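Only heavy atoms go into these numbers, but all of them, side chains included; no hydrogens, no water, no symmetry mates. As the structure is a computational prediction, the values presented were derived from the model and not from experiment. Whatever order the structure lists them in is the order used to number ligands and atoms, beginning at 1.
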Amino acid sequence: MTTITRFAPSPTGRLHVGNIRTALHNWMLAQKDGGRFMLRIDDTDAERSREEYVDAIREDLAWLGLSPDGEERQSERLGLYEQAFEKLRADGRIYPAYETQQELELKRKIQLGRGLPPIYDRGALALSEAERAEKEAAGAAPHWRFKLDHGEMIAWEDGIRGSQKFDPAQLSDPVIRRADGSWLYMLPSCVDDIHMGVTDVLRGEDHVSNTAVQIQMFTALDAAPPRFAHEALLVGREGKLSKRLGSLGCDTFRERGIEPEALVALLARLGTSQPVEPIAARETLVNTFDLSTFGRAPARFDDAELDRINTAIVHQFDFADVADRLPDGMDAGAWHAIRPNLEKVADAGDWWAIVTGPVSQPDFDDGTRTFLAKAATMLEWSDNPWADLTARLKAATDRKGKSLFLPLRQALTGMDHGPDMSELLPLIGEAEARARLQSAAEG
Ligand code: GLU
């Protein structure tokens with residue numbers, strides 16, 4: 001059976017680092033098995049869903065290089081949910097409930113006050129036909145609950161958490177549909193997983209108890225449940241589920257100069273027993289992807305680690321990888337000279353501006369100006385003009401080390417540090433280099 005995974009975001013905001021991780025792992029799981037990775041837009045909540053976020057999700061996935069092999073939208077599948085609803089209702093697995101939010105809240109408080117778990121008491125199920133008719137006559141519109149089967153323990157072998165067991169009597173019958181007819185997450189997700197042929201549901205461990213409920217839904221809908229795996233949550237460096245982490249959208253990473261390869265390399269292995277390394281080759285990450293290496297402890301996301309990986313990845317990029325993002329005129333030689341000094345690809349422009357000039361030189365003292373005037377006359381073009389120039393100046397003056405190199409660098413680049421001068425000088429070119437040395441000498 002072909003592996004089919006899905007990523008099911010709600011279009012209520014940009015993808016954040018937690019969603020990106022889930023999308024990536026589902027993509028990798030499908031890739032590794034030569035299967036299919038589907039995008040499912042969970043947009044049943046018409047009020048909170050926005051078209052702009054649907055577009056943003058597609059763009060973000062494209063930027064990350066996680067192209068889906070197909071896309072479905074829940075808002076276009078309402079007929080399927082209706083059918084499933086009717087079947088479950090006919091089978092007695094769905095019942096109407098009339099409690100208001102306040103009534104439910106009060107019940108919870110009483111249970112908690114008595115030290116009991118806040119499980120729905122099935123009050124609505126106990127209503128007689130007459131009581132129900134009375135409520136309807138008074139204008140009360142019901143919401144709908146799925147009736148869990150309390151007969152047997154719910155069990156599954158989780159791809160990450162191992163053997164899982166839930167007592168259905170310890171779970172509330174979930175509300176699956178609101179009084180206005182709109183759908184909550186639980187049932188549509190099952191219906192879609194069945195219709196889309198999803199074989200593997202890989203998601204965060206905040207869904208573990210949903211899985212217990214959904215396993216009963218699959219069975220009630222005469223379908224075999226897919227395989228499930230729940231990964232430990234992602235937390236900030238400080239170990240807490242930080243708000244900031246949830247607000248770190250794909251767009252913020254992009255604007256910060258983070259390469260998709262860096263984000264992917266980090267998130268592919270964070271929280272697993274495999275080392276996080278700056279691996280730009282997707283294939284390597286896919287081939288080593290293995291759910292059995294995922295740990296149960298929360299995965300810690302550290303921005304500084306992301307920056308380190310990003311820098312290492314930028315240093316691996318060939319000219320062809322970045323050519324379309326470099327300033328006009330910047331060629332492979334320039335990229336190789338400048339690359340080791342970059343943290344972000346976008347910074348290449350700053351160094352390229354130093355090559356093309358003008359540069360702002362510091363004021364030099366008289367002795368240094370004389371030295372720079374000498375440098376201007378001694379500059380000769382060769383295979384390695386920098387090595388030749390500095391060798392000649394060393395022999396002709398009493399300068400060495402920093403007092404020899406620094407004024408030259410400052411005159412030629414306007415900076416105290418930067419790329420290797422033997423690579424930079426040929427890029428600046430003979431005439432321009434001589435002109436810079438002369439102007440620095442003249443002050
Ligand atoms: N839209 C749901 C969520 O974002 C999907 C959960 C699932 O993967 O089933 O939490």
Side-chain angles (χ1 to χ4, degrees), residues 3-30 35-51 53-54 56-58 60-61 66 68 70-78 80-81 84 146 154 156 158-161 164 166 171 174-178 182-218 221 223 225-234 241 245-250 267 291 294:
T3 297
I4 300 180
T5 65
R6 89 295 197 275
F7 170 52
S10 304
T12 53
R14 296 291 296 225
L15 295 187
H16 59 71
V17 56
N19 306 134
I20 296 170
R21 175 169 172 251
T22 306
L24 172 66
H25 292 167
N26 276 286
W27 180 84
M28 295 206 294
L29 189 60
R36 299 212 320 265
F37 165 68
M38 306 290 290
L39 172 61
R40 186 183 87 200
I41 303 288
D42 281 8
D43 58 351
T44 53
D45 186 341
E47 219 148 89
R48 292 177 60 229
S49 299
R50 297 257 160 76
E51 206 50 35
Y53 292 131
V54 176
I57 287 166
R58 293 190 191 119
D60 288 346
L61 289 179
L66 309 178
E71 180 184 313
E72 297 291 349
R73 291 183 71 142
Q74 291 199 319
S75 58
E76 291 167 4
R77 302 165 64 84
L78 302 179
L80 287 173
Y81 311 147
F146 176 75
I154 304 168
W156 76 93
D158 193 282
I160 293 171
R161 297 164 65 87
Q164 301 290 294
F166 273 81
L171 299 167
V175 177
I176 56 162
R177 196 171 193 182
R178 299 186 189 89
S182 63
W183 300 98
L184 282 118
Y185 153 77
M186 208 68 97
L187 180 65
S189 181
C190 270
V191 171
D192 290 335
D193 285 339
I194 295 169
H195 279 258
M196 291 164 68
V198 170
T199 58
D200 293 82
V201 171
L202 170 56
R203 56 191 178 188
E205 68 180 12
D206 48 331
H207 282 287
V208 169
S209 63
N210 288 342
T211 294
V213 169
Q214 288 178 330
I215 283 178
Q216 284 211 355
M217 284 185 178
F218 280 103
L221 292 168
R227 285 183 289 263
F228 286 97
H230 295 85
E231 39 188 41
L233 296 183
L234 200 61
L241 262 178
L245 212 55
S247 67
L248 274 183
C250 219
L267 294 177
L291 286 182
F294 279 64

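Each of the following atoms of ligand 1 lies closer than 4.0 Å to a heavy atom of Ser189: 9 (O). In summary, the atoms of ligand 1 found under 4.0 Å from a heavy atom of Ser10, numbered by their order in the structure, are 1 (N). If you number the atoms of ligand 1 from 1 as listed, the ones under 4.0 Å from a heavy atom of Arg6 come out as 7 (C), 8 (O), 9 (O).
Taking a 6.0 Å sphere around CZ of Arg48, one finds it holds 12 or fewer heavy atoms contributed by other residues, nucleotides or ligands.
Annotation: side chain of Ile215 is not in contact with side chain of Phe166 (no heavy-atom distance under 4.5 Å). For the pair Phe218/Pro226, a side-chain contact is recorded, criterion being any heavy-atom separation below 4.5 Å from C-beta on.
The shortest contact between atom 10 (O) of ligand 1 and any protein heavy atom is with His207 NE2, 3.0 Å. At the top of the distance list for atom 1 (N) of ligand 1, counting protein heavy atoms only, stands Asp42 OD2, 2.6 Å.
For Ala8, a nitrogen or oxygen atom sits less than 3.5 Å from a nitrogen or oxygen atom of ligand 1, counting backbone and side chain alike.
Minimum interatomic distance between His230 and Asp158 (heavy atoms only, all atoms of both residues): ND1-OD2, 2.6 Å.
Exactly one residue among Arg73, Glu72, Arg77 makes a side chain to side chain contact (heavy atoms under 4.5 Å, CB included) with Asp192. That residue is Arg77.
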